Enquirer: 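The structure follows.
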Amino acid sequence: MTESSRSLVSVKNVDKVFKRGSEEIHVLGGLDLDIPEGEFLALMGPSGSGKSTLLNLIGGLDRPSQGSVEVGGERIDQLSNRRLAAWRARHVGLVFQFYNLMPVLTAQKNVELPLLLTHLSRAERKKRAAIALDIVGLSNRNNHYPRTLSGGEQQRVGIARSIVTDPTLLLCDEPTGDLDRKSGDEILDLLQALNREQGKTIVMVTHDIHAAARATRTLYLNKGRLTTEPEE
Amino acid sequence: MAGMFNWISQIVSVTLFNLRTLPQRIGSSTTAIFGIAGVVAVMVGVLSIAQGILRTMENSSSSENVVVLRSGATSEMMSGLSGDDVRFISEGPGLLRQDDEVMASPELFVIINLPIRSTGTDANVPMRGVTRVAGDVHKGFQVVDGRMFEWGLNEVIVGVGALREFAGLEIGSTITVAREEWPVVGIFEASGGIAETEIWVDASVLQPAYRRGNSYQAVYGRLKSPDAFQEFKDALTSDPRLNVKPMREADYHSSQSTVLYNLITGLGTLIAAIMGFGAIFGALNTMYTAVSSRTREIATLRALGFQASPVVISVLSESLLLALLGGAIGASLAWLVFDGFRAATLNFSSFSQVAFAFDVSPALLVRGIVFALIIGLIGGLFPAIRAARQPVSAALREL
Ligand SMILES: Nc1ncnc2c1ncn2[C@@H]1O[C@H](COP(=O)(O)OP(=O)(O)OP(=O)(O)O)[C@@H](O)[C@H]1O
Ligand SMILES: [Mg+2]
């Protein structure tokens with residue numbers, strides 16, 4: 001077997017161009033990346049280097065200006081918007097820096113949200129959301145609204161929401177970026193456990209070297225290149 | 001199939017979820033609601049005037065009644081019938097007989113000047129000279145206060161609408177017409193019809209006062225049944241001695257009100273269109289604000305895999321809900337304030353005043369609410385499209 005055929009994610013010769021006025025910014029100058037199934041990859045690099053951009057391409061939140069993005073054998077850059085949305089719902093779990101929970105929904109309902117895109121019955125949705133909340137250690141907070149939870153707790157709800165559909169791929173953009181050290185560590189423990197015990201493939205963007213240390217591999221993005229060592 | 005179900009359940013859940021966030025936008029939502037309510041109230045109010053006039057005309061007519069004018073005349077004012085004409089008309093087939101009397105009432109129609117009660121300015125008030133059968137022919141005629149005038153005397157009775165709108169018509173007062181004094185001796189009703197704006201007097205007294213000899217202007221008749229009209233009409237129009245135009249009473253009254261009805265309806269529609277235009281901008285503004293305040297929520301939903309169409313529909317439902325509330329408030333307000341409100345206006349077709357009550361009919365309420373929904377639909381559509389078009393990744397960057 002070749003290296004790429006074992007990859008869950010295969011990014012080839014990808015570039016993303018943003019227009020700022022008349023100026024064109026090439027963020028990822030023909031970048032390649034393979035992520036094997038079961039890996040916990042940390043992505044580091046200076047601000048503005050394109051980490052979020054790369055993560056968005058892998059998660060099907062955006063399309064490359066050039067190159068291909070293949071996830072689980074599927075060319076997601078070629079899917080229609082409609083099918084891409086359905087693909088995200090089925091295959092990707094997203095964790096955001098600022099949690100992005102719905103303020104009018106309880107923790108339980110927030111976690112149930114992605115399940116509305118499945119054919120599960122109401123009872124089944126409820127059960128799965130409860131299990132996910134249990135996994136992140138918040139089963140006693142089901143009926144709490146986000147504003148009554150601490151940052152760390154909110155992020156744990158965010159993680160519960162990302163795993164409730166049992167996706168193959170978890171994409172986390174600075175998941176501990178807004179948390180204190182202790183809460184951040186708890187989140188990292190959780191991600192590590194999900195990777196080790198449930199075999200989730202995780203890509204985590206972070207600025208924190210301690211967070212990156214939890215990953216199985218760390219890559220540095222700088223000026224559109226990926227390297228295994230930070231450039232100086 | 002499953003995809004369809006999935007799509008509908010997405011719509012329902014995104015919409016319900018969105019509506020729960022509505023209280024966060026209470027301020028701008030309330031503004032939009034009351035803007036729309038105002039438009040609907042004004043529109044329904046103005047149109048209820050037209051509706052009220054129409055209603056008055058309908059109240060004036062009964063289906064067995066006919067009106068005969070000289071052919072070519074479009075109103076009683078312009079018509080003239082000789083004593084012979086009247087006699088031949090009364091012999092027409094199909095007319096009802098009661099106690100050996102033919103239900104055909106030759107009438108005289110003149111216009112006098114009386115001050116409007118509220119403003120004191122002079123207005124044209126119709127005065128009708130009638131014969132003994134008039135009370136049986138005209139729909140719902142009934143003296144409700146005082147007494148009927150004495151036949152052969154200079155006495156008048158006054159319709160309740162005329163009493164309400166014009167000064168100096170109370171029982172016991174006297175009006176001056178054709179340099180003669182006419183005491184008011186009674187008040188009458190005519191089932192809410194146009195006759196209630198009139199003053200009635202014995203035709204044989206009015207004729208000499210206006211030097212009309214033995215001529216009249218119209219014959220009002222009551223047929224045995226509505227079906228008898230065609231026979232009656234054919235007989236009169238084919239009679240070589242006569243040159244007249246027989247009409248159903250309802251057709252005559254509606255022809256008398258078309259100009260006024262169309263004018264007011266046109267005016268109401270114009271006002272509604274102009275105000276509605278403003279309300280659309282209000283709704284647009286509210287909904288653009290709503291959408292931009294929810295940028296991150298919407299982007300998150302899209303990132304999680306929700307389709308664009310449920311987002312569009314959720315924004316549209318919000319604006320339609322606001323419009324529905326506004327429409328309902330406006331329509332209720334119009335109903336509370338205007339329905340039954342009494343007024344009088346000049347009817348151009350007869351050059352005389354017609355008293356009426358604003359009529360906020362159920363159909364008008366529905367029209368008001370439909371109009372509100374149209375405002376809501378247009379006001380929500382563009383913001384909804386913008387919400388759906390927002391690129392997910394860019395929207396997620398916004399805080
Ligand atoms: N939607 C967009 N429109 C215009 N420019 C964009 C857009 N998204 C990203 N960029 C630009 O692309 C570059 C990379 O942005 P990106 O967010 O991927 O960086 P990052 O590595 O995640 O930075 P940070 O560590 O600050 O989050 C930046 O210069 C940014 O301004
Ligand atoms: Mg970033």
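Keep in mind that what you see is a predicted model, and the values were worked out from it rather than measured. Proteins get letters first, then strands, A, B, ... in listed order; numbering begins at 1 in each.
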Enquirer: Does B:Arg164 CZ have over 12 foreign heavy atoms under 6.0 Å away?
Expert: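 Counting other residues, nucleotides and ligands, CZ of B:Arg164 exceeds 12 neighbours.
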
Enquirer: Assess whether atom CZ of B:Arg55 is packed by more than 12 heavy atoms of other residues, nucleotides or ligands within 6.0 Å.
Expert: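 No, because the 6.0 Å sphere around CZ of B:Arg55 holds 12 heavy atoms or fewer from other groups.
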
Enquirer: Working to the nearest 0.5 angstrom, can you tell me the gap between B:Glu297 CD and A:Met102 CE?
Expert: 5.5 Å

Enquirer: Are B:Ser393 and A:Asp62 close enough that a side-chain donor and a side-chain acceptor fall under 3.5 Å?
Expert: yes

Enquirer: Looking at A:Lys109, I'd like to know if its NZ atom is crowded, meaning that more than 12 non-hydrogen atoms belonging to other residues, nucleotides or ligands lie closer than 6.0 Å.
Expert: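 Not buried by this count: 12 neighbours or fewer within 6.0 Å.
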
Enquirer: Once rounded to the nearest 0.5 Å, what's the spacing between atom CG of A:Asn100 and atom CG of B:Leu301?
Expert: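 Answer rounded to 0.5 Å: 10.0 Å.
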
Enquirer: On a heavy-atom basis, which atom in B:Ser309 and which in A:Arg82 lie closest, and how many Å separate them?
Expert: OG-NH1, 4.3 Å

Enquirer: Can you confirm whether more than 12 heavy atoms, excluding those of B:Arg25, are under 6.0 Å from its CZ atom?
Expert: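 Above 12, so yes.
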
Enquirer: For the residue pair B:Leu396 and A:Leu61, what are the closest heavy atoms and their distance?
Expert: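 In this case the closest contact between B:Leu396 and A:Leu61 is CD1-CD1, 4.2 Å.
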
Enquirer: Quick one: OG on B:Ser13 to CG on A:Leu115, what's the gap to the nearest 0.5 Å?
Expert: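 One finds 11.0 Å between OG of B:Ser13 and CG of A:Leu115.
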
Enquirer: Which atoms form the tightest heavy-atom contact between B:Gly305 and A:Ala89, and what is the distance?
Expert: CA-CB, 4.0 Å

Enquirer: Donor-acceptor pair, distance only, cut-off 3.5 Å: does the side chain of B:Arg302 make one with the backbone of A:Ala85?
Expert: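 Flag not set: sc B:Arg302 to bb A:Ala85 has no pair under 3.5 Å.
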
Enquirer: For A:Phe18, which atoms come within 4.5 Å of any heavy atom of chain B: side chain, backbone, both, or neither?
Expert: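 Contact with chain B is absent: no heavy atom of A:Phe18 under 4.5 Å.
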
Enquirer: Identify which of A:Thr53, A:Leu105, A:Leu84 forms the greatest number of heavy-atom pairs closer than 4.5 Å to chain B.
Expert: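 Of the options given, most contacts go to A:Leu105.
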
Enquirer: Within a reach of under 6.0 Å around CZ of A:Arg83, are more than 12 heavy atoms found that belong to other residues, nucleotides or ligands?
Expert: no

Enquirer: Can you tell which part of A:Arg161 gets under 4.5 Å to a heavy atom of chain B, answering side chain, backbone, both or neither?
Expert: side chain

Enquirer: Count the heavy atoms of every other residue, nucleotide or ligand shown that sit under 6.0 Å from OH of B:Tyr288, and state whether that count exceeds 12.
Expert: yes

Enquirer: Over all heavy atoms of both residues, which pair between A:Asn81 and B:Gln307 is shortest? Give the atoms and the distance, please.
Expert: O-OE1, 4.4 Å

Enquirer: Around atom CZ of B:Arg386, are there more than 12 heavy atoms of other residues, nucleotides or ligands at under 6.0 Å?
Expert: no

Enquirer: Is any side-chain heavy atom of A:Asn56 closer than 4.5 Å to one of B:Arg397?
Expert: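 Side-chain contact under 4.5 Å: no.
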
Enquirer: Could you tell me if the side chain of A:Leu113 sits less than 4.5 Å from the side chain of B:Phe17, heavy atoms only?
Expert: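 A side-chain contact is absent here, since even the closest heavy-atom pair is not under 4.5 Å.
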
Enquirer: Could you pull out the closest heavy-atom pair between B:Ser9 and A:Leu116, with the gap in Å?
Expert: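 That would be OG-O, 3.8 Å.
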
